[in-house]
S.K.: 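Submitted below is the structure of interest, expressed as structure tokens.
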Amino acid sequence: MTGTGKGEAGGKEFRRVAEELRVRIADGAYPLDSYLPAQTALATEFEVSRNTVQRVLEELRSEGWIESRQGKGSRVIKNQRIQSWSPRASRSRQALTLGPLIGEAFEKSEVTLDVYTLTSESLDAHIRTQAERIRAKNIAPRRIALRVLLPTESMTLPYPRAKDDPDDPRLQDRLHHITKRHTESLSEVLTALKTENLVSSVELEIRHTPLTPTFKLYVINGEVLHGIYTVIEREVVLDDGDKVTALDVLGYGATLTHHVKDADPTSPGSVFVEGMTTWFESVWTRLTD
């Protein structure tokens, strides 16, 4: 494929490739210390120019996912870690990641999923993966109930923001565009499952709360994944191809801790699950627009 301008490299195609590679790295499709396919192979697979691939790899480097060396390619140096003390969580897995946990939840007849997050980017990617499994007849949940808490759109958040110009609105605008794009995608994917009679009952509700997310929370069929956002400095590529040095957080990169209830209601896992479930419900009913 031949060269391209800023539109592809900074816009829709850039985002599509970057999002897909983040999901693959986070969920271990490209394990730690492995190398990504060559730039020409990625350009062929995604049907984009090599220039777009180069810009995507530059973004992944700035986010800390990969490191690149001349003549050696791009090596994975980070994925999304999940810490878990549940015996169930370690069965047949060397490295626990979010994708398999969500996949297990969707193998049940009923899936309930409550999420509190800065954007719905990674959630959208995981739900689309499960929708593909449903269409392939690999799984067949009868009911999917998803509730998502996002920060109120009118808020000025402390991140992402330009390091040298905190009043630059472009990063906040970019955040809102990312959130809108992925919430619309969630709605389209889940509605299609219902319309095509692949899932009998589908419920999706999205609410906004005037809180700045300092952590990511998933309550999946009564189990809890919780992770603190870490603020980092990185280069962000805007849709027009411009680069901004930003103070930002990475949802895919947040280390999550997996908590489950057990027979003892006073155990740390049981107490944490109960506490976070109650927290989500209280915010959902009292602090949403």
S.K.: Check this for me: does any side-chain nitrogen of one of D33 and R75 sit under 4.0 Å from a carboxylate oxygen of the other?
M.R.: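 A salt bridge is present here (some side-chain N lies under 4.0 Å from a carboxylate O).
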S.K.: How many angstroms lie between NZ in K216 and OG1 in T119, if you round to the nearest 0.5 Å?
M.R.: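 Taking NZ in K216 and OG1 in T119, the distance rounds to 6.5 Å.
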S.K.: Find out whether L190 and K194 are in side-chain contact, i.e. whether some heavy atom of one side chain is under 4.5 Å from a heavy atom of the other.
M.R.: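 SC-SC contact between L190 and K194 ruled out.
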S.K.: Flag the pair I144 / F106 as yes when at least one side-chain heavy-atom distance between them is below 4.5 Å, and no otherwise.
M.R.: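 Contact flag for I144/F106 side chains = yes.
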S.K.: With a 4.5 Å limit on heavy-atom distance, are the side chains of V236 and K243 in contact?
M.R.: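 With C-beta onward as the side chain, the pair stays apart.
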S.K.: Between T117 and L217, is there a side-chain heavy-atom distance shorter than 4.5 Å?
M.R.: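 No, every pair of side-chain atoms sits at 4.5 Å or beyond.
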S.K.: Cluster question for you: counting only ILVMFWY and a side-chain heavy-atom cut-off of under 4.5 Å, with indirect links fine, are L247 and Y229 together?
M.R.: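 They do share one cluster, since a chain of ILVMFWY contacts under 4.5 Å joins L247 to Y229.
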S.K.: Do H177 and R174 pass the side-chain contact (heavy atoms from CB on, under 4.5 Å) test, and can you show the C-alpha distance, the side-chain angles, and the key distance before you say yes or no?
M.R.: CA-CA 5 Å; H177 291 155; R174 176 179 180 270; 5.5 Å; no
S.K.: Exactly one of E188, E19, E121 should register a salt bridge (charged side-chain N to carboxylate O under 4.0 Å, His left out) with R181. Which one does?
M.R.: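 It is E19; the other options fail the test.
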S.K.: Could you tell me how the ring of F215 sits relative to the ring of H226: parallel (under 30°), tilted (30 to 60°) or perpendicular (over 60°)?
M.R.: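 It falls in the tilted class, 30° to 60°.
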S.K.: Would you call K78 and E63 a salt bridge, using N to O less than 4.0 angstrom?
M.R.: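 So K78 does not pair with E63 through a salt bridge.
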S.K.: Decide, yes or no, whether a salt bridge links K261 with E223 under the criterion of side-chain N to carboxylate O below 4.0 Å.
M.R.: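 Salt bridge absent between K261 and E223.
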S.K.: Quick one: ring-ring contact (aromatic ring centres under 6.0 Å, His included) pairs with a partner in residues 121-164, sequence neighbours left out?
M.R.: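 Counting only pairs at least two positions apart or across chains, no ring-ring contact (aromatic ring centres under 6.0 Å, His included) contact touches residues 121-164.
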S.K.: What closest approach, in Å, do V56 and A18 show between heavy atoms, and which atom pair accounts for it?
M.R.: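 Looking at all heavy atoms of both residues, the shortest contact is CG1-CA, 3.8 Å.
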S.K.: Counting C-beta onward and ignoring hydrogens, is there a side-chain heavy-atom pair between N221 and E104 closer than 4.5 Å?
M.R.: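 N221 does not reach E104 side chain to side chain.
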S.K.: Should the pair R61-E235 be classified as a salt bridge under the 4.0 Å nitrogen-to-oxygen rule?
M.R.: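 A salt bridge is absent here (no side-chain N lies under 4.0 Å from a carboxylate O).
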S.K.: Begin with the C-alpha distance, continue with both residues' side-chain angles, and end with the deciding distance and a verdict on salt bridge (charged side-chain N to carboxylate O under 4.0 Å, His left out) for E20 and R24.
M.R.: CA-CA 6 Å; E20 177 60 28; R24 293 182 186 182; 2.8 Å; yes
S.K.: Inspect the contact between E153 and K180 and indicate whether a charged nitrogen and a carboxylate oxygen are less than 4.0 angstrom apart.
M.R.: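 No.
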S.K.: Report yes if some heavy atom in the side chain of Y35 is under 4.5 Å from a heavy atom in the side chain of Y30; otherwise report no.
M.R.: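 Side-chain contact under 4.5 Å: no.
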S.K.: Determine which pairs satisfy salt bridge (charged side-chain N to carboxylate O under 4.0 Å, His left out) with at least one residue from residues 277-289, sequence neighbours left out, and list them in order.
M.R.: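 Of all non-adjacent pairs touching residues 277-289, those that pass salt bridge (charged side-chain N to carboxylate O under 4.0 Å, His left out) are R147-E281.
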